[in-house]
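To start, the structure itself, in structure tokens.
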2 protein chains.
Amino acid sequence: MPNQRRAGLHDVAKLAGVSHTTVSRVLNGRQYVSEKTRSKVEKAIIQLGYRPNLHARTLVTKSSASIGVLIISDANLVGSLKILSEVSVEATKANFLTSITSFDRSSEESLKDAVFRLLDQRVAGMVVISARQEGLDELVEMTNGLPLVFCKAGPEGFPFRISLENELAAFRATHQLLSLGHRKIVHFSGPKGLIDSDDRRRGFERAMREFGLEPVQILEGDWSADSGYQLGNDLLASGKKFTAVFSGNDKMALGLIHSLNQKSLEVPNDVSIVGFDDLEESKHYRPALTTVRQDFTEFGSRAIAMLQAQIAQEEPPVFKPLDPELVIRNSCSEVRSVS
Amino acid sequence: MPNQRRAGLHDVAKLAGVSHTTVSRVLNGRQYVSEKTRSKVEKAIIQLGYRPNLHARTLVTKSSASIGVLIISDANLVGSLKILSEVSVEATKANFLTSITSFDRSSEESLKDAVFRLLDQRVAGMVVISARQEGLDELVEMTNGLPLVFCKAGPEGFPFRISLENELAAFRATHQLLSLGHRKIVHFSGPKGLIDSDDRRRGFERAMREFGLEPVQILEGDWSADSGYQLGNDLLASGKKFTAVFSGNDKMALGLIHSLNQKSLEVPNDVSIVGFDDLEESKHYRPALTTVRQDFTEFGSRAIAMLQAQIAQEEPPVFKPLDPELVIRNSCSEVRSVS
DNA sequence: GGTGGGTGCTCGGGTATTGCT
DNA sequence: TAGCAATACCCGAGCACCCAC
């Protein structure tokens with residue numbers, strides 16, 4: 001029996017011998033209720049297992065206690081999911097419920113449909129997790145002033161946005177290679193158009209430029225270890241000379257190492273590699289991977305804090321950018337020869 | 001201006017010059033509306049950008065078009081998140097909205113609070129993703145007949161449950177080692193109490209028993225590569241003799257390989273290893289990992305199909321159990337010596 | 001008597017007003 | 001004047017019922 005009618009305000013009022021107005025006052029912590037009546041009402045609430053109907057409340061107050069999360073899915077689903085889970089946990093702490101929906105760029109439905117799925121719920125605010133910039137401007141228009149926070153990609157100039165210091169991190173990673181004497185450096189990037197890929201590529205290019213160097217080559221993968229392996233094979237087959245690779249993420253670096261090993265090339269003796277992400281397992285690769293890490297953990301709480309401030313119409317908090325950290329392990333050495 | 005009042009049924013009715021009932025009929029595709037009025041109403045709807053208020057609708061129909069997902073978080077968060085995303089996508093296809101909330105066993109709040117967060121939304125059904133059995137019986141009671149589907153762990157005898165064939169998969173993995181002549185086999189398990197850990201351990205033990213063997217040792221890790229590394233060190237320090245390890249997942253296997261390598265032990269020459277999961281990157285480990293894979297992809301669609309059937313009070317679909325597949329690569333060889 | 005369409009109550013809870021103690 | 005009851009109406013939709021042709 002799913003739907004035995006649940007107790008309502010009126011039932012509580014009747015049991016407690018008060019008016020429904022008083023019950024409402026107790027529920028919302030209003031004044032003008034004596035201790036005695038309050039406890040009477042509370043007892044009745046517990047006895048009946050009363051729970052307010054959120055839909056009814058939302059209907060009249062016009063403000064639901066739930067936030068929407070829109071995931072615009074792309075290659076790196078797992079990354080988005082981590083953010084989602086953080087956002088959800090933080091939202092819960094802040095007494096918000098989380099409604100999620102995803103939008104697949106390759107599907108027939110329009111972004112508008114996905115956005116309206118959330119808007120129709122009258123969410124109090126929205127967190128958008130997207131790896132690409134495209135379409136985000138329209139999104140702002142569609143939502144028409146609704147509190148909004150973007151994770152990763154966000155429209156140009158939009159104030160509420162949480163992103164990684166990709167460019168700086170990539171710069172530092174590349175710099176590490178350069179400071180070891182490497183000059184012939186290849187970059188494995190992620191899919192073009194993803195903000196992470198593009199920013200990291202930019203950081204790489206800036207570091208090279210500051211040394212007056214040209215990249216040997218920039219190869220585009222899809223973040224997977226498989227693609228790193230494939231790119232490694234392609235690179236070796238091309239016959240281009242290089243002494244180091246800066247990989248856009250750790251997984252591609254793993255695939256690259258695999259492909260080098262198959263051709264009897266060793267890391268770091270023959271080729272030096274720097275990764276990106278510092279996955280939990282990267283230190284157990286062979287060799288342990290030198291990589292660059294960014295603290296992800298505050299992503300969710302920052303997003304929710306920004307959203308809450310907007311919802312409450314307060315001044316949004318200002319966050320310091322996250323400082324990327326270079327983690328030096330065993331996949332880099334000084335240049336020996338130009339193979 | 002977030003809340004310029006949005007158009008309601010009445011506004012549409014006024015503009016179209018009909019009553020709100022007629023508009024409601026058009027919206028719900030009821031009969032007894034002439035083509036002419038229908039198109040008039042539809043025009044008005046578009047013109048006003050009208051969107052029905054889901055809360056109002058839920059209030060009167062007592063059935064919301066949203067399902068709840070409760071994530072009871074444990075070690076393997078990423079696994080749960082993958083299921084979540086599938087569930088969410090499938091739910092969307094079926095025109096349901098997804099509300100999620102998580103419950104942390106180590107937190108002060110009770111499971112009841114988490115469940116009620118969802119129940120208060122009057123969700124039409126609930127998907128529970130839990131790695132542990134504990135507390136799931138109460139959950140069934142609390143929800144009082146609400147359509148329910150459990151992913152991974154589920155209460156004893158509960159009919160609606162999606163789980164992996166862990167026991168069988170682990171049996172096959174162990175069997176592979178045995179058929180190569182290994183007799184001194186160690187098992188690295190996940191945290192005790194997790195259904196995945198326990199089932200895999202059982203499969204391992206059954207395989208050993210059928211060969212009349214005792215496990216050399218069963219070591220408990222936490223699924224992480226770090227713990228696999230630690231367990232590897234512990235094992236080597238213990239001086240116990242072994243020729244093979246069946247690791248409860250691929251990541252711990254990676255850590256184990258790392259620890260063996262540090263002691264100049266090679267895989268598979270000195271020690272054979274079978275993993276579990278077949279991560280995308282496992283084929284790029286050194287050596288490429290022999291492991292066992294289960295197809296995860298239908299998890300979400302199965303869960304939603306089961307839930308939908310319950311919600312619609314239809315006969316739930318019956319699914320064949322997923323057949324685990326042994327993926328043979330280079331981390332196992334025949335026994336040579338007992339080190 | 002089947003179509004087409006309007007009136008009015010309902011869902012569950014918020015709130016403003018009045019009035020009594 | 002604090003503490004409460006009683007009344008009444010609102011939110012936005014669904015629907016039973018009624019009344020026209």
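Convention: sequence-line order gives letters A, B, ...; per-chain numbering from 1.
- With sequence neighbours excluded, no residue forms a salt bridge (charged side-chain N to carboxylate O under 4.0 Å, His left out) with B:Glu138.
- Looking at A:Lys62 and A:Arg122, their side chains never come closer than 4.5 Å, going by heavy atoms from C-beta outward.
- In this structure, A:Thr58 does not reach the D:dC11 phosphate: none of its side-chain N or O atoms is under 4.0 Å from OP1 or OP2.
- With hydrogens and angles disregarded, a donor-acceptor distance shorter than 3.5 Å links the side chain of B:Arg161 to the backbone of B:Lys152.
- Of the side-chain N and O atoms in B:Lys36, none sit less than 4.0 angstrom from OP1 or OP2 of C:dG4.
- Between A:Leu59 atom CG and D:dC11 atom C1' there is a gap of 4 Å when expressed in whole angstrom units.
- Panel note: side chain B:Ser34, backbone B:Thr37; a donor-acceptor pair is recorded below 3.5 Å.
- In the model, A:Arg117 has a side-chain atom that pairs as donor or acceptor with a side-chain atom of A:Thr101 under 3.5 Å.
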* Structure fact -> Given protein heavy atoms under 4.0 Å, the one-letter contact record of nucleotides 14-21 of chain C, with B base, S sugar-phosphate only and - none, is simply BBB-----
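- Within 4.0 Å (heavy atoms only), A:Arg51 reaches sugar-phosphate atoms of the nucleic acid but no base atom.
- Side chain of A:Ser130 to backbone of A:Arg132: a donor-acceptor contact under 3.5 angstrom is found.
- Side chain of B:Asn28 to main chain of B:Arg25: no donor-acceptor pair is present (N/O by atom type, distance under 3.5 Å, no hydrogens or angles).
- In this pair, A:Phe150 and A:Phe158 present their aromatic rings perpendicular. The plane angle is above 60°, beyond the 30 to 60° band.
- Using a 4.0 Å heavy-atom cutoff across all strands shown, B:Arg38 reaches no nucleic acid atom at all.
- One end of the helix from C:dG2-D:dC21 to C:dT21-D:dA2 points its axis 50° away from the other end's axis, with each axis taken from 5 pairs and the angle rounded to 10°.
- Regarding B:Leu54, its CG atom lies at a distance of 15 Å from the C1' atom of D:dC11, rounded to whole Å.
- For the pair A:Leu307/A:Ile67, a side-chain contact is recorded, criterion being any heavy-atom separation below 4.5 Å from C-beta on.
- Here the P atom of nucleotide D:dA2 and the OH atom of A:Tyr32 are 5 Å apart, to the nearest Å.
- For C:dG12, one of the phosphate oxygens OP1 or OP2 lies less than 4.0 angstrom from a side-chain nitrogen or oxygen of B:Lys62.
- If you measure from atom CG of B:Asp11 to atom P of D:dC11, you get 10 Å, rounded to the nearest angstrom.
- Look at B:Thr37 and you'll find a side-chain N or O under 4.0 angstrom from OP1 or OP2 of C:dG5.
- Rounded to whole Å, the distance from NZ on A:Lys14 to C1' on C:dG12 is 14 Å.
- Atom CG in A:Leu48 sits about 15 Å away from atom C1' in C:dG12, given to the nearest Å.
- Atom-to-atom, NE2 of B:His10 to C1' of D:dA13 comes out at 8 Å; the value is rounded to the nearest Å.
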